[in-house]
Amino acid sequence: MSPDRRTAVAAGSLFLLTEVAAIAGAVLYRPLLGAADGRLAQGADTRALLGVLCEVVLVAAVAGTGAALFPVLRRHGEGLALGYAFGRLLEAAVIALGTVAVLALVTLRRDTEAADGADVALAALHDWTFLLGPNIALGLNTVLLAYLAYRARLVPRFIAVLGLVGGPLICASAVAVMFGAYAQLSVAGSVAALPVFAWELGLAGWLIARGFAPGAGTAARPDAAAAEPAPVRR
């Protein structure tokens with residue numbers, strides 16, 4: 001297996017891991033965020049802690065996709081490749097901040113003498129980090145990667161187009177949520193997230209099954225020719 005093929009499998013596996021970890025984490029700790037009057041259902045704190053572990057895996061996987069893809073992406077635009085890698089780090093950092101809010105919320109909900117309103121503030125903090133990280137930052141990172149994939153033909157065009165459509169759409173949906181057009185967890189929000197979800201699943205499946213398109217691994221950067229001296233004729 002060539003280095004680029006190993007990179008494709010690793011990146012595809014990390015993309016799949018982000019989807020599984022994100023969904024599992026949200027399902028596990030959602031009852032904690034919506035607990036009425038701060039009252040926890042039986043075992044809700046344990047479920048929330050398991051959800052936090054899923055979020056930790058998500059943070060590592062999100063950062064890992066940027067690192068794994070960088071060696072290939074830089075051949076087709078080093079600036080954009082750096083932007084994608086740092087964008088994924090930023091996205092991971094915002095998710096981690098929301099995870100800390102969930103941990104603090106677990107502590108407050110266990111303490112019956114916690115200050116009134118503190119748990120509500122932490123739940124709001126988590127919701128805002130969810131909006132800024134897995135929505136706006138994800139959308140911008142999706143556009144960067146999809147543009148590079150489309151321009152360099154790293155994957156079939158229809159997969160790249162999913163990202164080019166889904167990235168701006170999820171960003172626009174996040175802005176709509178920010179201004180109160182509809183709730184984060186709503187039919188409209190779910191529909192707006194579908195193209196990005198399909199993009200990540202399609203990209204992951206293609207990279208694992210087929211790898212990068214032929215020639216993607218040997219594509220040269222625009223300045224590559226200038227970096228190599230021309231042979232001297234005798």
Side-chain angles (χ1 to χ4, degrees), residues 8 11-12 14-23 25-26 55 58-59 61-70 72-98 126-207 212-213 216:
L14 286 170
F15 272 114
L16 283 180
L17 187 58
T18 61
E19 297 295 340
V20 173
I23 293 171
E55 292 281 282
L58 173 63
V59 167
V62 166
T65 54
L69 287 173
F70 180 73
V72 173
L73 297 181
R74 69 182 299 187
R75 302 170 190 150
H76 307 284
E78 189 160 2
L80 291 175
L82 278 172
Y84 179 72
F86 282 109
R88 290 298 265 181
L89 281 175
L90 175 62
E91 183 183 340
V94 175
I95 295 171
L97 178 60
H126 171 271
D127 288 344
W128 281 109
T129 57
F130 183 80
L131 191 67
L132 295 175
N135 283 269
I136 292 179
L138 171 63
L140 295 175
N141 290 330
T142 296
V143 171
L144 273 176
L145 180 57
Y147 171 72
L148 277 169
Y150 185 91
R151 188 179 71 176
R153 296 179 181 270
L154 298 177
V155 295
R157 288 291 177 88
F158 75 91
I159 295 179
V161 167
L162 274 176
L164 290 172
V165 172
L169 186 59
I170 199 170
C171 285
S173 176
V175 172
V177 171
M178 191 179 298
F179 285 94
Y182 47 81
Q184 280 190 17
L185 300 179
S186 62
V187 174
S190 299
V191 170
L194 280 178
V196 163
F197 181 70
W199 143 260
E200 291 202 340
L201 286 183
L203 178 65
W206 185 271
L207 289 178
F212 298 108

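We use all heavy atoms of the structure for the numbers below, so side chains are in, but hydrogens, waters and symmetry mates are not. Along the sequence shown, residues are numbered consecutively beginning with 1.
Note that the CG atom of L162 and the CG atom of L169 stand 11.5 Å from one another [nearest 0.5 Å]. Separation of atoms CD (E200) and OG1 (T142) is listed at 5.5 Å; rounding is to 0.5 Å. Taking CG from L90 and CG from N141, the interatomic distance works out to 7.5 Å, rounded to the nearest 0.5 Å.
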Can you give each donor-acceptor pair under 3.5 Å made by side-chain atoms of residues 171-179, sequence neighbours left out, with the distance rounded to 0.1 Å?
residue	atom	partner	partner atom	Å
S173	OG	Y182	OH	2.8

Show the atom names and distances, to 0.1 Å, of all donor-acceptor pairs under 3.5 Å that link a side chain in residues 127-137 to residues at least two apart or in another chain.
residue	atom	partner	partner atom	Å
T129	OG1	L125	O	3.3
T129	OG1	H126	O	2.7
N135	ND2	F130	O	2.8

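When side chains are defined from C-beta on, L138 does not count as touching V62, because their heavy atoms never get closer than 4.5 Å. The closest side-chain heavy-atom distance from V72 to L154 is below 4.5 Å.
Among residues at least two apart or in separate chains, salt bridge (Lys or Arg N to Asp or Glu O under 4.0 Å) pairs with a member in residues 80-97 are R88-E91.
Considering every non-hydrogen atom in both A160 and A146, the closest pair reads O-CB, 3.5 Å. Pairing each heavy atom of A204 with each of L16, the nearest pair is CB-CG, 3.7 Å. For the pair G166 and P195, the tightest heavy-atom approach, listed with the atom from each and the gap, is CA-CB, 3.6 Å.
Among residues two or more places apart in sequence or in another chain, the side chain to side chain contact (heavy atoms under 4.5 Å, CB included) test is passed with I23 by V27, F197. Listed by chain and residue number, L144, Y147, L148, R151 satisfy the side chain to side chain contact (heavy atoms under 4.5 Å, CB included) test with L80 (two or more places apart in sequence, or in another chain). Listed by chain and residue number, A92, I95, A96 satisfy the side chain to side chain contact (heavy atoms under 4.5 Å, CB included) test with V59 (two or more places apart in sequence, or in another chain). Taking the side chain to side chain contact (heavy atoms under 4.5 Å, CB included) definition, one finds that L203 meets it with F15, L145, V155, I159, W199, L207, sequence neighbours left out.
Within a 6.0 Å radius of OH in Y150, no more than 12 heavy atoms belonging to other residues, nucleotides or ligands are found.
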